[in-house]
Each structure stands twice: as C-alpha cells, then as structure tokens.
Amino acid sequence: LWDRSLPAGFPRLPSAAAGSGPAGPCGRRAYAPPGERKRFYQNVSISQGEGGFEINLDHRKLKTPQAKLFTVPSEALAIAVATEWDSQKDTIKFYTMHLTTLCNTALDNPTQRNKTQLIRAAVKFLETDTLCYRVEEPPALAELQKNEWDPVVDWAEKRYNVTIGSSTSILGPNIPASTKETFISHLASYNMWALQGIEFVITQLKSLILSMGLIDRHITVEKAVLLSRLEEEYQIRRWGKVEWAHDYDLCELRARTAAGTLFVHLCSESSSVKHKLLQD
Amino acid sequence: MAALGAPLRTLRALLRELRHAAGRHYRDSPAYRHVLAAFRAHRVTSEKLCRAQQELHFQAATYLCLLRSVREHEALHREYHGKGERSPEEVAGLVGFRLPQQPGGKG
C-alpha cells in the first residue's frame, strides 16, 4: 500500500494524528506523524548525495514529514540517525527517535521561524531561567539551590562577561539589556541547524544558562538534567520516588537533552576534527 | 570542563549500548565502526592535553547518555504505560467474578 504512493519514511497521512506536534496554520495537527508503525525495511544505510548525507531504508530514500529529501550536513549525524532507524525492532517507535525528529524539524522548519526569531526565542528564556528563580523556603531547598546553581550562574557570568544574578521574587531577576545583547550576538555565530538544537535544549531544560553550560561542555547531560530538576530531586529525596512517573520523566528528559546537545555539536563540528577523522 | 571520568570507560559503555541497539551484526554497524575509528584516530588517553580529544570524549559521553536513556525510557514505557486497557474478562477477574455465559447470545 505505502509502497506505491508514499515515499519512504513518515507516511503523509494528515488524518493519522496519533502523535503530537505543532498545529498547522488552520489549527489542525497537520504536522503530526503517527506514533507507531511496523518496521517495513530490512537494511538501513547511508549514502552521500549533493546536499549532504542521506538515509536509505532498503532501496528507498528517507524523506521528512513534508516530503523533502532527508539530508544532513554531518556524516556522524547521519550514522546516528541510521542507528536510530536500525535499532527499531518490530514497530517503529517515533517518539524514541529524537535525532531524526530534530533533523526533520531543521529541514522542514514547521514553525517557520528565521534565525533572528529563533535566537530571540532562546534568549527570551533567560528572563524565566530556572537557575535564576530561587525559593526562600524550605531552607534546605534554598541552600541546595545556592550550592548547586550559584556555581553555574557564576561560570556563565564569567565566561560571557555578563551580569545575570538571581531572585526570590515572583517577577524574577532583572536581566540587563547588555546581557541579552551578548547572548544574542553569541548565538548568532551558530548556523540554523545548531540553533534549532539549542532552542530545543533550552525548552527542555527550561534554562538558557544550563543549555549554554552543555553547549560549552562545562557540564554533562546528566548534571544539566539534575540541575534542571533540582527541586523535583529534592522532593523525591524527601518524599520518595514513583518509578513510573519520576524515572520515566527523568529518562525522557535525559534522552531529549542528550539528543539536542549531540545534534548541536554535530551540526557545528569544526573542520579540524573532520580532517583528523578523514586521515584514517 | 565537564567531569567525564576515564575515556576508556565511556568507550566501553558506548560500545555496549550500540550492541544492544544493533542486534547480531553490531560489529559491522556504521555507528560501531565510526566510534571505534574516531577513538583510535584521537587515541583518547587519560591525558588532558588535546582539545579535540576532550570534544570527542564529551560527544561520546553525550551519545552514551542518549542511547542509555532511550533504552531505559522504552523499558519503563513497556512496563508501566504500554499495556493498554484491560479486557472485560480481566476486569471481572480483578474482583473475583466471571462474566456470565449467555448461550443464545446477547439480547
């Protein structure tokens, strides 16, 4: 059935909105791939085309939900995406294929934002950055926030030569315009693909500072996720853990953050690293 | 610089995750070969000298976190969220009842 009419990859069935995604202009979920599908291919391979690296499912070329040819600029990223497709067993679980989803977003740009809009959305998060919102009680949590978050905020302030601060008021910290300008011009140095990844990580962690810590390799994904969920971890330690909720959310957040971070790094790879790899 | 530990440990864990993901012919999978080639090319050791080494190690650790978290998330999903609804027979069985047998069918 799908063989004849549909190109490989996500079937373009506008009614099959089993998953979730951004609403189309008419309000319907026009950009929603189905949640699960049977695995319909035997072999996954990579090939190099004009626009970059492509993924082949058997002999068919993978396409994005908007039916564009799936091409990525980095070979390592293509390999990782191919691994995602190859590790699907009987059914294809799209919700576990975070790198593929990120590539699709970068290729299709369904929210139709340009570079300036993406950067603005990313920097806007600084006003509601998790690390800047402190509690006053319970004192144990306030102390924990001070001990765990202050070092990262200090690192960001030193690294980018800005003032950020923190606040216990409901309005949050007062971020100076110069700080925002600094981050805007720093993010402008990233290409469009990397920016999609950066904005994704910020949205997941609810923190620009933590995301920059990841991008700059100052902290690991596990640490960033822990810091993002600090209050939750505090409550878990106090009241106990519910595996089907806490661990579930933790694993999902780790997976998405790791995917986003890896995506950013692979999309902004320096040529010197590539050169070394090609020497073999 | 992020506290990553020994690169060899990261490499071994990453290769193990790739084995889980790939199946029988994991050694031929592009990811397995790429990771090994990358580590050999940079000859990642415990020395913290080369910046490219550190970048590679961080990337490897991030990819390891991704593979591990996806696997654990899927396992949790299967365990707690994948079962779907119980059938009427099962629901009756929960309180020790059995559904009545109606020889002529319903109604």
Side-chain angles (χ1 to χ4, degrees), chain A residues 36 44-46 75-76 78-84 86-89 93 95-99 213-214 216-225 242-266 269-270 272-273 275-280, chain B residues 1-5 10 14-15 17-26 28-44 50-84:
Chain A
E36 278 193 26
V44 183
S45 59
I46 303 161
E75 184 178 15
I79 292 175
V81 170
T83 310
E84 272 185 350
D86 208 19
S87 58
Q88 304 303 314
K89 303 287 188 283
K93 297 180 168 63
Y95 55 83
T96 62
M97 301 164 71
H98 303 290
L99 289 173
L214 271 177
D216 293 342
R217 299 182 194 87
H218 177 68
I219 48 176
T220 60
V221 172
E222 287 90 342
K223 177 95 192 224
V225 167
V242 178
E243 199 182 32
W244 55 260
H246 289 140
D247 278 350
Y248 188 80
D249 289 343
L250 175 65
C251 287
E252 187 171 25
L253 184 58
R254 270 196 189 151
R256 287 171 183 227
T257 309
T261 310
L262 188 63
F263 184 81
V264 172
H265 286 148
L266 290 178
E269 216 156 29
S270 60
S272 63
V273 176
H275 179 63
K276 259 193 169 180
L277 286 174
L278 288 169
Q279 267 177 347
D280 276 40
Chain B
M1 192 57 215
L4 284 172
T10 310
L14 180 53
L15 293 180
E17 286 293 333
L18 284 172
R19 270 181 70 179
H20 283 306
R24 194 179 307 164
H25 303 289
Y26 63 91
D28 297 327
S29 64
Y32 200 88
R33 284 190 295 203
H34 180 90
V35 165
L36 274 179
F39 267 78
R40 276 196 204 113
H42 288 78
R43 235 162 286 280
V44 185
C50 179
R51 189 186 153 183
Q53 269 182 16
Q54 289 180 328
E55 282 179 14
L56 175 66
H57 189 197
F58 189 87
Q59 258 180 39
T62 307
Y63 192 35
L64 168 62
C65 181
L66 171 60
L67 291 175
R68 203 185 261 162
S69 318
V70 165
R71 185 170 52 84
E72 288 172 357
H73 179 241
E74 238 182 293
L76 283 169
H77 186 89
R78 264 194 313 262
E79 174 73 27
Y80 292 112
H81 299 272
K83 297 269 165 67

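Letters A, B, ... mirror the listed sequences (proteins, then strands); counts begin at 1.
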Which class fits the ring pair B:His73 and A:Tyr95: parallel under 30°, tilted 30 to 60°, perpendicular over 60°? perpendicular

Please work out which of the three classes, parallel, tilted or perpendicular, describes the rings of A:His265 and B:Phe58, given edges at 30° and 60°. perpendicular

Atom pair [atom1]/[atom2] of [X] and [Y] - distance to nearest 0.5 Å:
X       : Y        : atom1 : atom2 : value
B:Leu64 : A:Leu262 : CG    : CG    : 11.0 Å
B:His81 : A:Trp244 : NE2   : CH2   : 6.5 Å
B:Ser29 : A:Ile79  : OG    : CD1   : 9.5 Å
A:Ser87 : B:His20  : OG    : NE2   : 12.5 Å

Heavy-atom pair count under 4.5 Å with chain A, highest-scoring of B:Leu18, B:Thr62, B:Leu67: B:Thr62

List the steps, then state whether side chain to side chain contact (heavy atoms under 4.5 Å, CB included) holds for B:Tyr63 with A:Thr83. CA-CA 11 Å; B:Tyr63 192 35; A:Thr83 310; 3.7 Å; yes

Would you please test A:Lys93 and B:Glu74 for side chain to side chain contact (heavy atoms under 4.5 Å, CB included) and show each step? CA-CA 9 Å; A:Lys93 297 180 168 63; B:Glu74 238 182 293; 3.4 Å; yes

Quick one: what part of [X] sits under 4.5 Å from any heavy atom of chain B, side chain, backbone, both or neither?
X       : answer
A:Ala82 : neither
A:Lys89 : side chain
A:Leu99 : side chain

Atom CZ of B:Arg33: over 12 foreign heavy atoms under 6.0 Å: yes

Take B:Cys65 and A:Thr220, measure what side chain to side chain contact (heavy atoms under 4.5 Å, CB included) needs, and give me the verdict at the end. CA-CA 9 Å; B:Cys65 181; A:Thr220 60; over 6 Å; no

Evaluation steps, side chain to side chain contact (heavy atoms under 4.5 Å, CB included), between B:Gln59 and A:Leu266: CA-CA 9 Å; B:Gln59 258 180 39; A:Leu266 290 178; 3.7 Å; yes

